[in-house]
Amino acid sequence: VQLVESGGGLVQTGGSLRLSCATSGHTSDDYSIAWFRQAPGKEREGVSCINHDGKSFAAATAKDRFFIYSARSKNTVYLQMDNLRPGDTAVYYCALKIVPGCNQYRSWYHTTSFGSWGQGTQVTVSS
């Protein structure tokens, strides 16, 4: 399974970015995908996750500002990020697990819940 993130960049406070996660190499469509982020000197943290059926989950820091959605026909999941703040500066990673539910077997918020990861894309928000 391969995941490739894109869409990161430099944006001013209050700006928007849309991250993309293109997946390939999986033989089943019953998978869920999450976005994580890692700021310098901090642990990787969960941002949002989407089930196979489209139901989504979000961390408190992401609610009302970030929106996760998928285009299954394109094997791509997106993270629309609005009203960005300097505290959102981090490398953003997408991750996949081949079960249909984000919370199946283990909560999506744990990095160990996912077996496949992308290489990450840098998001920098200037003040």
Side-chain angles (χ1 to χ4, degrees):
V1 177
Q2 294 82 43
L3 297 88
V4 179
E5 302 97 335
S6 61
L10 173 64
V11 65
Q12 291 184 336
T13 296
S16 298
L17 284 174
R18 189 182 75 163
L19 305 183
S20 300
C21 174
T23 69
S24 62
H26 46 84
T27 58
S28 170
D29 288 334
D30 289 339
Y31 58 86
S32 50
I33 288 186
W35 285 95
F36 287 78
R37 69 185 184 184
Q38 188 166 18
K42 294 187 177 181
E43 293 188 354
R44 194 169 297 189
E45 63 176 3
V47 175
S48 189
C49 186
I50 187 165
N51 280 353
H52 171 73
D53 64 3
K55 182 177 181 179
S56 63
F57 306 85
T61 56
K63 286 182 179 178
D64 301 326
R65 297 191 301 126
F66 296 180
F67 175 59
I68 189 172
Y69 62 101
S70 64
R72 292 280 173 167
S73 60
K74 298 182 181 179
N75 290 328
T76 300
V77 170
Y78 302 94
L79 183 68
Q80 176 67 40
M81 305 188 295
D82 298 323
N83 193 20
L84 284 161
R85 308 164 181 165
D88 296 317
T89 295
V91 178
Y92 284 70
Y93 301 88
C94 62
L96 179 150
K97 58 178 179 179
I98 305 181
V99 290
C102 288
N103 292 310
Q104 195 162 346
Y105 302 124
R106 189 171 175 83
S107 170
W108 72 270
Y109 203 72
H110 298 280
T111 58
T112 56
S113 185
F114 295 86
S116 300
W117 292 81
Q119 82 289 348
T121 185
Q122 176 71 46
V123 171
T124 303
V125 185
S126 63
S127 58

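We number each residue from 1, following the sequence as shown.
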- State, with a plain yes or no, whether a side-chain heavy atom of Gln119 is found less than 4.5 Å away from one of Glu5. yes
- Are Ile33 and Phe36 co-members of a hydrophobic cluster defined by side-chain heavy atoms under 4.5 Å apart? no
- Nearest 0.5 Å please: distance from the CG atom of Leu19 over to the OG1 atom of Thr76. 12.5 Å
- Query: Can you name the closest pair of heavy atoms from Lys97 and Ser113 and give their distance?
  - Reply: NZ-OG, 2.7 Å
- Do Tyr109 and Val47 share a hydrophobic cluster, counting only Ile, Leu, Val, Met, Phe, Trp and Tyr and linking them when any side-chain heavy atoms are less than 4.5 Å apart? no
- Any side-chain heavy-atom pair of Val77 and Thr23 under 4.5 Å: no
- Short question: side chain of Ser73, backbone of Ala71 - any donor-acceptor pair under 3.5 Å? no
- Query: Do Arg44 and Trp117 have side chains that get closer than 4.5 Å, going by heavy atoms?
  - Reply: yes
- On a heavy-atom basis, the closest approach of Thr121 and Gly8 is OG1-N, 3.2 Å
- Heavy atoms of other groups near Asp64 CG, more than 12 under 6.0 Å: no
- For Ser32 against Pro100, the heavy-atom pair lying closest together: CB-O, 4.0 Å
- Message: Which heavy atom of Ile68 sits nearest to which heavy atom of Ser56, and what is that distance?
- Response: CG2-CB, 3.5 Å
- Got Leu3 and Tyr93 here, is their nearest side-chain heavy-atom distance under 4.5 Å? no
- Within-4.5 Å side-chain heavy-atom neighbours: Leu84 and Thr13: no
- Measure the shortest side-chain to side-chain distance between Ser24 and Gln2 over non-hydrogen atoms and say whether it is less than 4.5 angstrom. yes
- Query: Counting N and O atoms only, with roles assigned by atom type, does the side chain of Asn51 sit under 3.5 Å from a partner on the main chain of Asp53, one being a donor and the other an acceptor?
  - Reply: no
- Verdict with supporting geometry, Gln38 and Glu45, side-chain contact (heavy atoms from CB on, under 4.5 Å): CA-CA 6 Å; Gln38 188 166 18; Glu45 63 176 3; over 6 Å; no
- Here the gap from Asp30 atom CG to Gln104 atom CD, rounded to the nearest 0.5 Å, amounts to 9.0 Å
- Note on the structure: Between the NZ atom in Lys55 and the SG atom in Cys49, the distance rounded to the nearest 0.5 Å is 11.5 Å
- Who else is in Tyr78's hydrophobic cluster (ILVMFWY, side-chain heavy atoms under 4.5 Å, direct or via others)? Phe67, Tyr69
- Task: Taking side chain to side chain contact (heavy atoms under 4.5 Å, CB included) as the test, write out the residues that go with Asn103, two or more places apart.
- Result: Phe57, Ser107, Trp108
- Message: Would you say Arg106 and Thr112 are linked by a side-chain donor-acceptor pair, where the criterion is simply a distance under 3.5 Å?
- Response: yes
- Is the closest side-chain heavy-atom distance between Met81 and Val123 below 4.5 Å? yes
- Donor on one side chain, acceptor on other, Ser126 and Gln12, under 3.5 Å: no
- Message: Can you give me the closest heavy-atom contact between Asp88 and Asn83, atom names plus distance?
- Response: OD2-O, 4.5 Å
- Message: Under the ring-ring contact (aromatic ring centres under 6.0 Å, His included) definition, can you give me all pairs with a residue in residues 7-29, not counting sequence neighbours?
- Response: His26-Tyr31
- Check against side-chain contact (heavy atoms from CB on, under 4.5 Å), Trp35 and Phe66: CA-CA 11 Å; Trp35 285 95; Phe66 296 180; over 6 Å; no
- Task: Indicate the atoms forming the closest heavy-atom contact of Leu79 with Tyr92, along with that distance.
- Result: CD2-CD2, 4.4 Å
- Query: Under 3.5 Å, is there a donor-acceptor pair linking the side chains of Asp82 and Ser16?
  - Reply: yes
